[in-house]
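Here the structure is laid out as structure tokens; the discussion comes afterwards.
This is a predicted model, so every value here is computed, not measured. Residue numbering restarts at 1 for every chain, and letters A, B, ... go by the order of the sequence lines.
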Protein chains: 2
Amino acid sequence: MRSRRDDLIETALKLFYTGGFNATGIDKILAESGVAKMTLYKHFGSKDELILAVLKRRDEQFRGWLSGEMAKAGPSPKAQLLQMFDALEIWFSGKAFPGLGFSGCAFINAAGEFSDPAHPAHQIAAEHKEMLVRQFTELCAEAGAADPASLAEEIALLKEGAIATAHVRNKPEAAKIAKAMAERLLADLD
Amino acid sequence: MRSRRDDLIETALKLFYTGGFNATGIDKILAESGVAKMTLYKHFGSKDELILAVLKRRDEQFRGWLSGEMAKAGPSPKAQLLQMFDALEIWFSGKAFPGLGFSGCAFINAAGEFSDPAHPAHQIAAEHKEMLVRQFTELCAEAGAADPASLAEEIALLKEGAIATAHVRNKPEAAKIAKAMAERLLADLD
DNA sequence: CTTGATATATACAGATCTGTCTGTCTATGC
DNA sequence: GCATAGACAGACAGATCTGTATATATCAAG
């Protein structure tokens, strides 16, 4: 049974993600989740803290989903890295997270609304991206790359470019373009 | 002499860009620009229309600046495309637009806050990106690329990836990473 | 059955936001 | 000089937002 705290986080994630953080009011989250206002402030203290809890949840949810999709490629690290771009395409098409659709990357969006790098929400966004780069680095090392850290940064940059392109230009094919570029980057491996 | 309308657009651009669209109130723009509220509504009718005017101004300003930076590379289209990534680095460091600093791409940010692709602000953002891709396509054709449209999409994707990485992770070196990747893409040309 | 923790409903305070209304001031052109 | 257009100043309406206060209901454990 899901707790009220989880109800709030899941509802807030959906509304913040699709409608923006600043533009989405507390009252809307309360109405859609059916939770009382006092319960929200008991659990989170402020809207800002709810935003941080939502971003942490999204980080777990997204990285968990992506790892699962990449694992479908089997044991080869190179195949897993390429599979990531197929996962992006599923995400861009709106099929990855039922009920959420695709409204770009929640962390890029958060960094846009909370532009100061010192803002806690911006920092969570940065950490999320860093964690993914670390995961890519391990796979690149496992695949025998000469410079795993640099290669992982390049893969990550392709991923960010695909996300921004898919969202701003409403162009989900960006995943395929990025994948083709990644294939050339990884051609020497395995 | 700058008109009141320009004063409003320039001040709103700075505040929207650094503080976000929804989070920045009309009153702040009026206070900082020294313009009366009635004057704003005389010129723009609503905050939404001011936002659109700001995005159009930013489109002209940014593409004009970028074209100027690229032109510094001389007549070679390949050199101009590579020069673009040097321009990105200047932008990321905050030196491109005095008084604005670097808060990511105003159009990626706008698409984040106005996520619906049918929203006028989102559409202006998409058009801005499309115009840049068209410019890249012309340069790729001029450089003798076999498939100028595809190559331009790849260059554009590297650019978007660099912007997102530089902002979210506070990592201006992303420009150099993207440039190195672009050099490999363009190696066969000229 | 009582106690304590948790949640609910509802009202409210205080701030802020967009947009309007009413005057007044000032400059420019005739 | 005078008329007209544009901008300023400042109050105000109405909505909305975050956060608080109060009083009530539910439910499980001892």
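Taking the six-membered ring for Trp and the full ring otherwise, B:F21 and B:F114 have centroids separated by under 6.0 Å.
Residues A:H167 and B:S115 bring a donor and an acceptor atom of their side chains to less than 3.5 Å of each other.
Rounded to a whole Å, the CG atom of A:D27 is 16 Å from the P atom of C:dC12. The CG-P distance, from B:N22 to D:dT18, rounds to 12 Å in whole Å. In this structure, B:L30 places its CG atom 13 Å from P of D:dA7, rounding to the nearest Å. Rounded to an integer number of Å, the gap from CG of A:L40 to P of C:dT8 is 11 Å. Rounded to an integer number of Å, the gap from NZ of B:K42 to C1' of D:dC8 is 13 Å. Rounded to whole Å, the distance from CG on B:L8 to P on D:dC8 is 8 Å. Across the protein-nucleic acid pair, B:I51 atom CD1 and C:dT18 atom C1' stand 12 Å apart, rounded to whole Å. When rounded to the nearest whole Å, the span between CZ of A:F44 and C1' of D:dT18 equals 16 Å.
The side chain of A:Y41 approaches D:dG19 more closely than any other nucleotide in the set D:dA11, D:dC8, D:dG19.
Exactly one of B:F107, B:Y17, B:W91 qualifies for a ring-ring contact (aromatic ring centres under 6.0 Å, His included) with B:F62. That residue is B:W91.
Among the atoms of the strands shown, none is found under 4.0 Å from any heavy atom of A:G45.
Phosphate proximity of C:dT6 to A:H43: absent, as no side-chain N or O sits under 4.0 Å from OP1 or OP2. Note on A:T39: a side-chain N or O is less than 4.0 Å away from OP1 or OP2 of C:dT8. For the OP1/OP2 pair of C:dT8 and a distance below 4.0 Å, the side-chain nitrogens and oxygens of A:R4 include at least one atom meeting the criterion.
A salt bridge is absent between A:E89 and A:K179; no separation between the charged side-chain nitrogens and carboxylate oxygens falls under 4.0 Å. A salt bridge links A:E154 and B:R184; the closest N-O separation between the charged side-chain nitrogens and carboxylate oxygens is under 4.0 Å.
Residue side chain A:K37 reaches the base of D:dG19 through a donor-acceptor N/O pair under 3.5 Å, judged by distance alone.
Nearer the 5' end of DNA chain C, as judged by each residue's closest nucleotide, is the contact made by A:R5, out of B:M38 and A:R5.
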